[in-house]
Structure formats: C-alpha cells, structure tokens
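Right, one structure below, let's go through it.
If you read the sequence from its start, that first residue is 1, and numbering goes on from there.
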Amino acid sequence: MGGSTRNPGVLRGDQASDQSAYQRLSQRMLDISGDRGVLKDVIREGAGELVTPDASVLDITLWGMELGLLSMRRGELARFLFKPTYAYGTMGCPPLIPPNTTVLFEIELLDFLDSAESDKFCALSAEQQDQFPLQKVLKVAATEREFGNYLFRQNRFYDAKVRYKRALLLLHRRSAPPREQHLVAAAKLLVLLNLSLTYLKLERPTTALRYGEQALIIDQKNAKALFRCGQACLLMTEYQKARDFLVRAQKEQPFNHDINNELKKLASSYKDYTDKEKEMCHRMFAPDDNGSTVGEN
C-alpha cells in the first residue's frame, strides 16, 4: 500500500482550549469506528473501490489508522481524529505525543494492492493454475512484481526478492500458445530486470549477472539488462566483460548518464587495478640489499 502521512497534530483532552478544538473538529466528521473513537473528514474524494480488508498494509502501527485506511479509495485525501484508544493510549509516544492524547492525521492514499487474490492463486498447484486463463496468471504475476517494487522502494531488498521470485515462478510454470508467448516473455523480462537490480543491492553480483543474462535471452539489445550485467561484472572485477556489456548498453542509449558514468567508473577501477599490478610486479623483481632479485631461487 502506498500513501503519505503528515505528522500528527496533538489535541490534549485535559486542556480546555484543546478540548474545544476537538469538539469543533469532531462535529462535522464522520464516525467510522462506531464509538466516535475514529472520526473522518474527506478533503479530496478518491476513486474506485474501498481498500479491501485483505490488502497488505505495511508499517501501520495504529489501530485507528488501519480503520481509517479501510474507509479510503485510491487518490483520496482525508483528515482523521483518533482518540487515545485508537492511537497511542495511556503511554503516549514521548516526547512528541503525551499520554491519553487525541491525535489528528492527514492521510493520502496513493494506491493499494490486494494480496488475497495473489496469495490464493500462488498456493494452488501448477495443474490447478493451468486451469485459469493466461490473463489471470499475468495479473497475479504483475501484482507480485508491484509488491516487490514497493518493498524495493522501502529498501527491503530481501523481501522484494521473494516477491519477484514468486512472480517469475508463476511465469515459468505457465505454457502459452505461440500467439501469446510474447506476453509471457514481456512479463518475464520486467521481473528478471528487477531481480538483477535487487541482487546488485544485496551485493550478490554473480546472481545479478545470471538474471541479467536471462533477460538478454529475451531481448538481446535491452539497455537495462546490458547495464545490470556490466555493473555485476565490474563488482566481480571482470573488467573486460564489464566493458563489453557497458559498451553494448551505450550503443543502445548513447546519452544515458548512468551508463556513461559506469564506463568512467570502470576506466578508473581498471587503472587502479593495473597500477597495483605494476607495483606488485616491481616489488617482486626489485633487487634486495644483497643484489639478488626477489623471487629468484
């Protein structure tokens, strides 16, 4: 689920001015908890269906916030009042939130993903999955990839990798008639590129290279795949292979700053490598104090 939350405003029930402010706000707000513990005021209407109870909600710590999200639609911006029971309770959250505090949040729901359909489908056997049309498989694989993208943006690379692999497994399992094979290949390509980048972030360049090369089997001129392979080879200090991949990537996208900068990085790394090699050779064959050469028998 993607969204943005502004810092909470604080309304303390033990102060008269704050109590009156709470009363003024609450009078025009909708009760969505049934006990006026969570009140809502829509600032901008959303579109589509409400967030489903099975949607994955990441990093939500307040019960009131979860109830609030379940009342929202994509693109909606709303203001919420949470009584202490639905917020930080008797403990508060020092030093920002005192004990027994009613808090005000503004939440914008950018998007959400319903994981229930995807989870149920992934739990089926390959034979059961084959009974569904290809579009169903592609939809579930796309949902898994979108979950992976969300986790990747949160720097949760290991969790993202798991989602991407689930998507790839679904696509590998599914056979498609010739007229639809290009749809499966296109979906695989996106997942393979994601996996290659994720393994680079996990500092596992050998695996990143493997997924990048699989992407190139589908599209041998794909600049992203060539770039990922070049990055992986550079991390593995396989400088010639890195140069070959990066030059091919540059040929596809001559003005791509990332590719050009990686080629500069390669040149610098290779120069450092050769300088160290020369220095080591010089030390090995330099004469010692007795006039003999280091390394001679």
Side-chain angles (χ1 to χ4, degrees), residues 141 144-145 147-173 181-182 184-286 293-297:
E144 289 296 313
R145 184 173 63 84
F147 267 116
N149 291 345
Y150 179 82
L151 293 164
F152 185 94
R153 292 192 293 269
Q154 302 294 317
N155 295 325
R156 296 171 58 177
F157 303 122
Y158 184 87
D159 294 329
K161 174 203 69 173
V162 172
R163 288 290 186 172
Y164 292 143
K165 282 192 170 183
R166 282 179 65 173
L168 190 61
L169 178 61
L170 289 173
L171 296 168
H172 277 326
R173 279 181 176 180
Q181 287 178 358
H182 70 284
V184 178
K188 282 183 181 178
L189 179 61
L190 293 175
V191 178
L192 290 168
L193 290 172
N194 289 144
L195 277 167
S196 184
L197 178 58
T198 302
Y199 275 102
L200 285 172
K201 294 292 186 180
L202 290 170
E203 299 181 351
R204 294 175 59 182
T206 303
T207 308
L209 176 61
R210 175 160 56 85
Y211 283 116
E213 289 176 330
Q214 289 181 34
L216 289 173
I217 293 174
I218 298 174
D219 180 4
Q220 62 180 351
K221 292 185 177 182
N222 188 279
K224 284 186 178 180
L226 291 166
F227 180 56
R228 304 274 187 266
C229 290
Q231 287 180 298
C233 289
L234 179 55
L235 290 172
M236 297 159 63
T237 66
E238 295 187 13
Y239 297 116
Q240 187 57 53
K241 285 184 66 176
R243 184 180 184 280
D244 291 343
F245 280 122
L246 292 172
V247 168
R248 287 169 61 190
Q250 188 184 51
K251 183 179 178 181
E252 299 302 322
Q253 295 185 2
F255 304 107
N256 186 301
H257 293 296
D258 291 333
I259 295 172
N260 293 331
N261 287 338
E262 198 72 10
L263 278 165
K264 293 177 183 177
K265 181 179 175 182
L266 169 64
S268 176
S269 298
Y270 184 69
K271 182 179 183 302
D272 290 343
Y273 171 78
T274 55
D275 287 347
K276 290 177 181 177
E277 287 283 299
K278 290 177 183 177
E279 183 181 349
M280 183 172 65
C281 290
H282 177 74
R283 288 201 306 267
M284 287 178 64
F285 295 103
T293 302
V294 176
E296 289 183 351
N297 292 326

#### Entry: Contact list for residues 210-237, test salt bridge (Lys or Arg N to Asp or Glu O under 4.0 Å), sequence neighbours left out
none
### Query
What residues, two or more places apart in sequence or in another chain, satisfy side chain to side chain contact (heavy atoms under 4.5 Å, CB included) together with Ala160?
Leu151, Phe152, Tyr164
### Task
Would you check if Leu193 and Asn222 make a side-chain contact, meaning some heavy-atom pair closer than 4.5 Å?
yes
### Message
Taking side-chain hydrogen bond (donor to acceptor under 3.5 Å, both in side chains) as the definition, give me every residue that meets it alongside Asp258, ordered by chain and number, with sequence neighbours left out.
### Response
none
### Message
Restricting to side chain to side chain contact (heavy atoms under 4.5 Å, CB included), what partner residues turn up for Gln250, sequence neighbours left out?
### Response
Ile259, Asn260, Leu263
### Summary
Contacts satisfying side-chain hydrogen bond (donor to acceptor under 3.5 Å, both in side chains) that involve residues 189-208 (not counting sequence neighbours) are Lys165-Tyr199
### Task
Can you sort out the partners of Arg166 under salt bridge (charged side-chain N to carboxylate O under 4.0 Å, His left out), two or more places apart, ordered by chain and number?
Asp119, Glu144
## Note on the structure
With sequence neighbours left out, the residues meeting salt bridge (charged side-chain N to carboxylate O under 4.0 Å, His left out) with Lys251 are none
### Query
Partners of His182 by side-chain hydrogen bond (donor to acceptor under 3.5 Å, both in side chains), sequence neighbours excluded?
none
### Message
Using side-chain contact (heavy atoms from CB on, under 4.5 Å), reason through Leu195 and Leu168 one step at a time and then give a plain yes or no.
### Response
CA-CA 9 Å; Leu195 277 167; Leu168 190 61; 3.8 Å; yes
### Message
Checking Leu235 now: which residues fulfil side chain to side chain contact (heavy atoms under 4.5 Å, CB included) with it, not counting sequence neighbours?
### Response
Leu200, Pro205
### Set of residues satisfying side chain to side chain contact (heavy atoms under 4.5 Å, CB included) with respect to Asn155, sequence neighbours excluded
Phe157
### Query
Which residues satisfy the side-chain hydrogen bond (donor to acceptor under 3.5 Å, both in side chains) test with Lys161, sequence neighbours excluded?
none
### Message
Could you work out, with salt bridge (charged side-chain N to carboxylate O under 4.0 Å, His left out) as the rule, every residue matching Glu238, not counting sequence neighbours?
### Response
Lys241
